[in-house]
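Take a look at the structure below.
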Number of protein chains: 4
Amino acid sequence: MTQTQLGTSDRIHRAAVRLFATHGFAGTGIRKIADEAGVTVASLYHYVGTKEELLERMMEESMSQLLRPARQVTGDPVQRLSALVDLHVRRHARASQLCRVGDTELRSLSRASRARVLALRDEYQEIWRDTITAGVAAGDFTVPDTNLAAIAMLQMCTGVAHWYSPRGRMTLDQVSTAFVTMSLALLGGGAGPHHPAAAAAEGGGLA
Amino acid sequence: MTQTQLGTSDRIHRAAVRLFATHGFAGTGIRKIADEAGVTVASLYHYVGTKEELLERMMEESMSQLLRPARQVTGDPVQRLSALVDLHVRRHARASQLCRVGDTELRSLSRASRARVLALRDEYQEIWRDTITAGVAAGDFTVPDTNLAAIAMLQMCTGVAHWYSPRGRMTLDQVSTAFVTMSLALLGGGAGPHHPAAAAAEGGGLA
Amino acid sequence: MTQTQLGTSDRIHRAAVRLFATHGFAGTGIRKIADEAGVTVASLYHYVGTKEELLERMMEESMSQLLRPARQVTGDPVQRLSALVDLHVRRHARASQLCRVGDTELRSLSRASRARVLALRDEYQEIWRDTITAGVAAGDFTVPDTNLAAIAMLQMCTGVAHWYSPRGRMTLDQVSTAFVTMSLALLGGGAGPHHPAAAAAEGGGLA
Amino acid sequence: MTQTQLGTSDRIHRAAVRLFATHGFAGTGIRKIADEAGVTVASLYHYVGTKEELLERMMEESMSQLLRPARQVTGDPVQRLSALVDLHVRRHARASQLCRVGDTELRSLSRASRARVLALRDEYQEIWRDTITAGVAAGDFTVPDTNLAAIAMLQMCTGVAHWYSPRGRMTLDQVSTAFVTMSLALLGGGAGPHHPAAAAAEGGGLA
DNA sequence: TATGAATGAGCTTTCATTCAT
DNA sequence: CATGAATGAAAGCTCATTCAT
């Protein structure tokens with residue numbers, strides 16, 4: 001019910017995401033996209049413009065949908081870090097194809113739009129870095145190097161997009177919980193009761 | 001001075017690695033490879049077979065140079081895990097282009113050679129998994145899920161190939177040490193004195 | 001005047017027939033076909049598929065246009081044989097280029113479509129063989145070997161495609177009559193009044 | 001015993017004949033010829049020169065080995081015609097590959113050497129025509145058109161190269177006899193005792 | 001809104017040939 | 001004698017894109 005009768009433009013975008021994720025931007029022809037979306041090539045150009053424009057929109061969407069919720073994370077460093085991991089993991093599991101494209105195809109963007117996407121990414125990483133820095137300052141975390149830890153954890157959580165399947169061995173909740181646990185461990189803090197899902201499930205108390 | 005007079009075949013392969021890493025397999029034309037290597041297109045075909053054969057050789061080399069030393073890691077679980085992280089990080093820092101290709105271009109291989117590379121990769125991951133399992137059994141590690149931990153750590157260490165630069169803020173030794181520390185933390189074990197580089201540095205080994 | 005405004009696809013096919021007949025399939029480049037047809041190479045591919053598909057269509061058309069009328073030949077063996085020779089000679093004179101391609105380029109077909117064309121050819125030859133066999137049974141023909149005679153006569157009549165010209169010494173009617181005469185002689189029957197053209201000319205048929 | 005230790009040049013020529021006959025001149029690469037002959041490409045050039053030179057020698061050999069014995073045929077028209085058919089059929093059966101190349105690849109020759117080969121072919125056809133003309137004058141043959149008969153019969157006999165196999169249903173003697181019989185029938189003369197093989201077998205009398 | 005037609009530039013690969021050793 | 005190396009040209013085919021209708 002949420003989305004009946006997908007619009008033509010959306011159909012094209014979905015097809016493109018699927019194909020870019022599977023074969024890469026350079027490895028995907030617009031003919032294949034049009035076929036997959038069930039439109040003619042000329043129609044494709046009518047709706048979405050250039051192949052690169054398709055990618056640009058995809059990349060910016062990919063990054064901003066990660067960034068927007070991250071901006072609103074609040075709480076103490078442990079809570080914030082947990083929330084960031086949770087958001088990142090869930091999004092990379094649920095929108096894995098889009099996330100994979102976002103991760104891989106920076107190189108395929110024009111200089112101008114690469115800069116735009118990089119700015120978003122930098123802001124996103126900054127949020128992670130700041131959280132860790134705050135946690136270290138508060139004595140919650142102990143890491144060899146703040147920046148390194150941020151990058152390492154981001155990479156670790158991003159990997160989810162490559163293997164998660166809703167039909168897999170673990171539920172998404174379990175996966176997310178595990179990643180929060182591992183992340184907090186990595187940061188030298190105990191794997192406390194701070195997992196957002198757990199918190200939500202419990203009813204919120206610190207316990 | 002270390003390597004004078006690179007052979008033509010090697011020059012081609014280096015050029016291909018560089019370009020595949022930067023623009024992807026599909027995004028790289030053989031003309032560009034030939035140009036970069038300083039040979040004509042026809043000469044390129046005299047030395048290497050198809051563009052895909054170029055990739056195949058690259059991928060298999062990439063995986064086996066990771067696998068070979070990993071097979072010979074010994075010691076208790078903590079030592080072994082530390083050594084695996086060290087090897088992985090160092091290789092991804094030193095041969096970052098090749099490693100990036102190895103990571104990204106599985107999709108560009110034919111079914112047959114993809115299977116061959118995947119077999120190597122599976123063996124490699126198995127070594128990590130086994131080490132973690134052993135560490136858990138020995139009481140050294142505590143993880144939410146062994147398999148998940150292995151994948152997560154691999155992903156985390158692989159990321160090094162994307163940002164490490166010899167002219168960066170940290171030396172490779174520092175980077176490696178930091179990753180070992182974070183890995184052991186993630187596994188719930190203390191960051192003891194087991195880092196190979198550290199061990200070598202303090203214990204007064206041969207060199 | 002007979003055919004105004006040839007379609008693009010037809011222009012391409014005609015050009016291909018002309019060139020394949022003259023230089024052979026392997027000796028003809030698609031660039032030359034496109035030039036000859038007055039289109040760009042890319043346009044050529046918009047209309048026809050592969051170069052091989054061009055040949056396939058040509059070969060099947062070549063054989064079926066020979067086979068279709070042959071299937072409907074009726075009368076006593078002498079009449080039927082005369083009609084077969086007449087049809088074969090006329091077609092090889094009128095569509096000489098297509099027939100030459102049909103004769104020469106079986107080797108250039110893929111296994112699959114070669115089989116398809118060979119099936120048509122076999123059926124065609126079977127009609128000739130059956131006619132001769134019937135004539136022998138009826139006492140009209142005397143040949144050393146039925147199969148040999150069929151092949152020999154086919155080859156003989158096929159040759160017309162190599163030398164006939166509408167501006168030559170003999171009219172097509174004369175050529176056809178001569179081949180019917182020689183064929184019946186070869187078969188040991190008199191060159192009676194059974195030539196289709198002759199019959200039409202004398203008997204005062206419809207036209 | 002007749003030919004042990006084939007010379008390199010001969011090996012190359014045989015390979016070329018085989019391949020040209022099967023795939024055509026334009027469809028055969030020199031690399032394949034070299035491979036088939038077991039030499040390097042450079043060696044091939046050392047021994048036989050250009051691909052076109054290879055074809056030229058082949059074509060001229062093909063025609064002159066047909067022409068030379070034909071020049072020496074003697075006897076009355078029936079005997080001569082019978083001998084010509086016998087020679088043509090036997091050669092096209094025994095050297096079928098070379099004959100097929102000779103028949104098909106005139107188009108692949110340069111203008112100059114095509115002229116040379118055509119001169120030989122014209123002389124050869126002239127012998128056939130003269131024989132038929134003489135037979136007609138002598139009252140032995142009756143044909144609608146001398147030239148047409150010559151061409152038709154040549155084409156008919158040439159066909160042998162396309163289907164004869166030493167492991168086939170009929171011996172070469174039988175095939176040749178049948179073609180002589182059919183030829184004489186075509187020419188309106190009885191299938192008398194003039195077949196060369198038969199004559200040789202009998203001991204020569206007219207009977 | 002929708003599409004068939006059209007195209008220049010590019011793709012990967014093979015071609016016949018030469019030449020230094 | 002023999003060969004690996006090298007090459008410009010051409011092969012068949014696909015590319016992303018435009019445009020008239």
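Values below: every heavy atom of this structure, side chains too, minus hydrogens, waters and symmetry copies. So you know, we letter chains A, B, ... as the sequences are listed, proteins then strands, and number each from 1.
If you take CD1 of C:Ile12 and C1' of F:dC13, they are 14 Å apart, rounded to a whole angstrom. Regarding D:Leu19, its CG atom lies at a distance of 12 Å from the P atom of E:dC15, rounded to whole Å.
B:Leu120 is not listed as a side-chain neighbour of B:Met59, based on a closest heavy-atom distance of 4.5 Å or more. Considering only heavy atoms from C-beta on, C:Glu56 comes within 4.5 Å of C:Ser110 through its side chain.
Side chain of C:Ser62 to backbone of C:Met58: no donor-acceptor contact under 3.5 angstrom is found. The backbone N or O of C:Glu60 lies less than 3.5 Å from a partner atom in the side chain of C:Ser64, making a donor-acceptor pair. Panel note: side chain A:Glu36, backbone A:Ala15; no donor-acceptor pair is recorded below 3.5 Å.
A close approach under 4.0 Å does occur between a side-chain nitrogen or oxygen of C:His46 and OP1 or OP2 of E:dA5. An OP1 or OP2 oxygen of E:dA2 is reached within less than 4.0 angstrom by a side-chain nitrogen or oxygen of A:Tyr47.
Map B:Thr50 and D:Tyr45 each onto its nearest nucleotide of DNA chain E; the residue landing nearer the 5' end is B:Thr50. In terms of position on DNA chain F, the residue among A:Phe25 and B:Leu44 whose nearest nucleotide sits closer to the 5' end is B:Leu44. Of the residues near DNA chain E, B:Ala26 and A:Ser43, the one whose nearest nucleotide (by heavy atom distance) lies more toward the 5' end is A:Ser43.
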Exercise for review: Given side-chain contact (heavy atoms from CB on, under 4.5 Å), test D:Glu53 with D:Lys51 step by step and report yes or no.
Suggested key: CA-CA 5 Å; D:Glu53 285 169 26; D:Lys51 190 183 160 192; over 6 Å; no
Point to revise | Stepwise side-chain contact (heavy atoms from CB on, under 4.5 Å) check, D:His92 with D:Leu66 | key: CA-CA 9 Å; D:His92 277 75; D:Leu66 211 48; 3.7 Å; yes
Practice item. Start with the C-alpha gap between D:Arg57 and D:His13, add the side-chain angles, then the distance that decides, and say whether side-chain hydrogen bond (donor to acceptor under 3.5 Å, both in side chains) holds. Key: CA-CA 9 Å; D:Arg57 185 174 137 185; D:His13 267 90; 3.2 Å; yes
Practice item. Kindly indicate, with the supporting measurements, whether the criterion side-chain contact (heavy atoms from CB on, under 4.5 Å) is fulfilled by A:Ser108 and A:Leu55. Key: CA-CA 8 Å; A:Ser108 305; A:Leu55 179 62; 3.6 Å; yes
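Residues of residues 51-62 of chain B having a heavy atom closer than 4.0 Å to DNA chain E, listed by number: B:Lys51. DNA chain F lies under 4.0 Å from at least one heavy atom of each of the following residues of residues 29-41 of chain C: C:Gly29, C:Ile30, C:Arg31, C:Val41.
In DNA chain F, the stems built from three or more successive Watson-Crick or G-U pairs (distances below 3.5 Å) are E:2-21 with F:2-21.
Among the protein residues, C:Thr28 comes within range of the sugar-phosphate backbone only, with heavy atoms under 4.0 Å from sugar or phosphate atoms but none that close to a base.
Residue A:Glu52 holds its CD atom at 10.5 Å from CG of A:Leu54, rounded to the nearest 0.5 Å. Here the CG-CD1 distance, from B:Leu19 to B:Ile33, works out to 6.0 Å after rounding to the nearest 0.5 Å.
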